[in-house]
4 protein chains.
Amino acid sequence: MTEQTKENRILDAATLEIAENGYANATMARIAKRANVSSGLIYFYFPKGKLQVLLSITVRFWKILNDRLETQLESISDPVARITEVARLAEFMLVRDNNRLYLAKVLIEELPRMFMINDEELKDTRMEITIQNRKFIHTIDSIIKDGQDQGIFDRDLNPSAVRQVLYGAVEMLLYGLFIKASRNEDLGYGKDDVKYTLDMLIWKFLCKTP
Amino acid sequence: MTEQTKENRILDAATLEIAENGYANATMARIAKRANVSSGLIYFYFPKGKLQVLLSITVRFWKILNDRLETQLESISDPVARITEVARLAEFMLVRDNNRLYLAKVLIEELPRMFMINDEELKDTRMEITIQNRKFIHTIDSIIKDGQDQGIFDRDLNPSAVRQVLYGAVEMLLYGLFIKASRNEDLGYGKDDVKYTLDMLIWKFLCKTP
Amino acid sequence: MTEQTKENRILDAATLEIAENGYANATMARIAKRANVSSGLIYFYFPKGKLQVLLSITVRFWKILNDRLETQLESISDPVARITEVARLAEFMLVRDNNRLYLAKVLIEELPRMFMINDEELKDTRMEITIQNRKFIHTIDSIIKDGQDQGIFDRDLNPSAVRQVLYGAVEMLLYGLFIKASRNEDLGYGKDDVKYTLDMLIWKFLCKTP
Amino acid sequence: MTEQTKENRILDAATLEIAENGYANATMARIAKRANVSSGLIYFYFPKGKLQVLLSITVRFWKILNDRLETQLESISDPVARITEVARLAEFMLVRDNNRLYLAKVLIEELPRMFMINDEELKDTRMEITIQNRKFIHTIDSIIKDGQDQGIFDRDLNPSAVRQVLYGAVEMLLYGLFIKASRNEDLGYGKDDVKYTLDMLIWKFLCKTP
DNA sequence: GATGAATGAGGTTTCATTCAT
DNA sequence: GATGAATGAAACCTCATTCAT
């Protein structure tokens with residue numbers, strides 16, 4: 001999918017490494033080995049080290065997601081269809097194959113960490129995430145407000161709170177799939193349940209009751 | 001709340017340290033300093049080190065939550081009231097004051113890490129978490145199934161998927177509050193919105209539509 | 001001489017290591033090995049690393065020198081005798097045996113580096129040097145001004161410039177001795193020439209011509 | 001002054017880089033950037049790397065100094081005038097503008113390092129320095145011996161020791177000017193004091209007392 | 001001549017963990 | 001129970017140096 005530059009290979013390798021060992025235990029040496037580059041090259045592309053690599057994984061994902069959203073949503077006008085499309089796309093980008101689930105795991109587990117970064121030297125990368133994140137949030141919130149204005153979505157709900165609910169729902173549903181895929185534990189539902197549950201969440205929770 | 005033994009002081013200090021720096025950057029030396037004990041003493045109480053401390057924070061929380069749930073739910077029979085009470089209690093234990101929000105942050109961010117632990121020596125502590133976690137999951141799933149059996153909750157929803165949605169919704173709503181409290185960023189909603197949104201999630205999404 | 005605490009052992013080992021390899025090539029690992037301590041312990045006493053070790057060598061020397069000067073000069077009132085005593089003491093502390101010459105070499109070669117340090121984190125150590133240095137400069141300048149006031153020293157000379165000349169003269173004369181001791185090269189003079197030359201420098205250059 | 005070939009630009013850039021960061025912290029990458037060439041090119045001109053660059057800075061300086069000395073001294077016969085000319089020329093070459101002071105700093109601080117070099121591969125460059133250095137020393141020592149023979153300079157002084165004194169005096173006086181120029185610290189004297197003090201050093205210390 | 005991405009040896013540095021007191 | 005100086009494995013990270021272009 002993404003062009004196989006060495007920079008991208010490093011990010012892919014880091015995704016795998018972090019997914020398997022967690023950020024705390026991921027080592028630069030192993031990332032380098034997985035990407036089949038020297039450890040020094042990682043610092044050439046990401047001078048601030050491991051944290052910048054993690055941030056860059058996130059930036060790359062959000063950029064692609066936002067780009068695709070923009071394209072996909074262009075031709076859809078119905079708020080229900082639009083919000084459903086957002087969920088579908090997130091699902092598609094993170095669940096389609098097991099490789100994607102690694103990315104899902106990293107994004108879900110490490111996203112909160114992003115908000116905590118104060119390092120002055122990483123301000124730029126951090127800002128990029130914030131921009132992409134705000135863009136995403138704005139997309140969702142706009143759809144919700146739009147639906148409320150059109151009388152389709154429940155006007156009594158706070159759009160920001162709804163967005164958090166949707167975000168959390170998608171996150172935990174996907175996370176369960178990851179656990180299922182990577183361990184023996186069954187959490188009691190499958191990919192089809194995710195689709196159906198999210199549809200119902202939109203129809204019943206988000207839409208105006210007749 | 002909890003008795004101020006040195007052991008508890010260590011866990012409290014660790015919660016703060018991990019909340020501020022993340023598990024990866026938390027150091028035993030700083031935890032010791034914050035707890036006003038020597039670093040050697042941490043190993044007296046938690047011989048397996050940092051990871052055991054993290055696990056112990058989690059165990060302590062889940063034990064208390066499950067205990068209280070048991071007590072509180074005893075006198076409630078209506079499924080809607082029961083599931084609402086679960087949300088209320090989680091909220092209460094994690095949001096009541098800002099100190100609690102630190103705990104919320106640690107639990108939310110580091111919980112996934114728990115599932116990755118294979119360390120033979122920590123099997124016992126890990127098992128304790130699994131037990132508490134299953135107990136919690138079982139409590140929720142039982143309420144949902146019960147409600148479905150009674151024709152109050154929507155029978156077409158997969159109980160496990162619903163549980164993930166509720167868990168994710170509570171998590172993200174609380175997490176937004178933490179961001180708000182610890183940074184200037186406003187996510188667009190407040191404590192009251194959390195209550196109302198969760199109530200609506202239960203009424204509209206979870207309950208059977210008439 | 002100095003109490004053989006581990007801290008002092010580290011400074012002694014570092015002096016030797018830096019004298020032999022230069023600051024640029026000195027390694028913490030070798031300093032540790034020479035001091036017979038673990039490399040980690042160096043960071044326990046000198047958290048800012050190699051540069052702090054270098055600064056600390058200097059601080060220790062200047063402190064001792066200033067202390068002894070204070071004691072020795074107490075009982076001397078004649079400006080000529082006083083300034084001679086300063087030169088003698090510097091000589092004594094740096095030349096008496098070959099071990100001392102190592103210290104001399106480090107102090108002479110690396111002193112200029114001290115003035116260049118801007119590192120915010122080393123401000124304290126750097127300030128200590130500045131204080132000791134000013135104390136030393138003040139001692140010398142006072143003697144010179146005193147001698148000028150008494151009509152013994154040449155009043156037309158700028159005391160600060162004279163101090164630089166004396167400092168440079170002592171430095172280069174001692175440095176030559178180090179070269180001689182550590183290599184085969186002969187620079188054409190010996191310890192006795194140093195004494196005589198410095199005496200003449202004081203008598204002829206510094207004193208008022210009759 | 002010097003022709004702006006890329007080779008010279010590299011040496012100039014290295015002088016600045018080493019003056020600002022010290023030899024230990026100077027990096028080839030920054031030297032290349034300052035010289036506006038690629039780092040690879042430095043190895044084209046100086047295959048032995050950083051040390052060879054440092055040696056080359058020194059060689060270039062001493063060669064020019066010795067050349068000029070030869071020219072300037074040709075027409076002067078009086079020992080006092082000759083030795084004064086040496087001091088003047090050194091001053092001129094190192095103090096005339098602030099750029100020169102950077103060179104002074106590097107030469108003063110890093111000269112001792114030269115004597116420590118044993119690297120077989122740098123034997124040639126090192127030898128060049130030794131040759132230039134001996135030539136310089138010989139020039140001075142000759143003037144002094146000459147003056148002593150003519151009964152103008154004090155015959156009781158060891159010429160080599162005198163040379164060290166003069167060298168140290170010039171060095172420290174110039175060094176003080178550098179400190180003054182690059183920091184706020186005032187060492188209590190200026191360029192005029194340097195001239196006067198050196199004149200007096202020659203007249204009073206070096207010359208025979210009547 | 002000139003470039004700069006890429007390497008990897010070798011240094012610095014951290015910090016979990018121990019143990020004598 | 002409690003301390004904190006001391007250890008050393010193992011990570012991070014730098015940067016001199018190379019080489020295909």
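A note on names: the letters A, B, ... follow the listed sequences, proteins ahead of strands, and every chain is numbered from 1.
Secondary-structure stems of DNA chain F, taken as three or more successive Watson-Crick or G-U wobble pairs (i with j, i+1 with j-1) under a 3.5 Å distance threshold, comprise E:2-21 with F:2-21.
Atom OG of Ser38(D) and atom NZ of Lys6(D) lie 8.0 Å apart (nearest 0.5 Å). Distance check: Asp124(A) CG to Ile129(A) CD1 gives 12.0 Å after rounding to the nearest 0.5 Å. Taking CD1 from Ile10(D) and CD1 from Ile42(D), the interatomic distance works out to 5.5 Å, rounded to the nearest 0.5 Å. For the atom pair Leu122(A) CG and Thr125(A) OG1, the distance stands at 5.0 Å (nearest 0.5 Å). Of the inter-residue distances, the one linking Arg9(C) atom CZ with Ile31(C) atom CD1 reads 14.0 Å to the nearest 0.5 angstrom. Summarising the geometry, atom CD1 belonging to Ile18(B) is positioned 9.5 Å from atom CG belonging to Leu11(B); distances are rounded to the nearest 0.5 Å.
Evaluation of the side chain to side chain donor-acceptor pair (under 3.5 Å) rule for Asn21(B) yields Glu17(B) as partners, not counting sequence neighbours. Listed by chain and residue number, Glu20(A), Arg34(A), Tyr102(A) satisfy the side-chain contact (heavy atoms from CB on, under 4.5 Å) test with Leu16(A) (two or more places apart in sequence, or in another chain). With sequence neighbours left out, Lys63(D) forms a side-chain contact (heavy atoms from CB on, under 4.5 Å) with Val59(D), Glu128(D), Gln132(D). Shown here are the salt bridge (Lys or Arg N to Asp or Glu O under 4.0 Å) partners of Lys123(C), two or more places apart in sequence or in another chain: Glu120(C). Under the rule for a side chain to side chain donor-acceptor pair (under 3.5 Å), Thr27(C) has no partner lying at least two apart in sequence or in another chain.
Within residues 42-51 of chain C, the residues having any heavy atom under 4.0 Å from DNA chain E are, by residue number, Tyr43(C), Gly49(C), Lys50(C). Of the residues in residues 22-37 of chain A, Ala26(A), Thr27(A), Met28(A) come within less than 4.0 Å of DNA chain F through at least one heavy atom, sorted by number.
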Throw together a table of side-chain donor-acceptor distances under 3.5 angstrom for residues 43-53 of chain C, partners on residues two or more places apart or in other chains.
| from | atom 1 | to | atom 2 | distance (Å) |
| --- | --- | --- | --- | --- |
| Lys50(C) | NZ | Tyr23(C) | O | 2.9 |
| Lys50(C) | NZ | Ala26(C) | O | 2.8 |
| Gln52(C) | OE1 | Lys48(C) | N | 2.8 |

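Side-chain contact check for Leu103(B) versus Ile57(B): some heavy-atom pair is nearer than 4.5 Å.
Rounded to whole angstrom, the span from the CD atom of Glu121(D) across to the C1' atom of dA16(F) amounts to 14 Å.
Residue order along DNA chain F, read from the 5' end via each residue's closest nucleotide, puts Ser39(C) first among Ser39(C) and Gly40(D).
Here the range on DNA chain E touched by chain B, meaning any atom under 4.0 Å from one of its heavy atoms, is dC15(E) to dT18(E).
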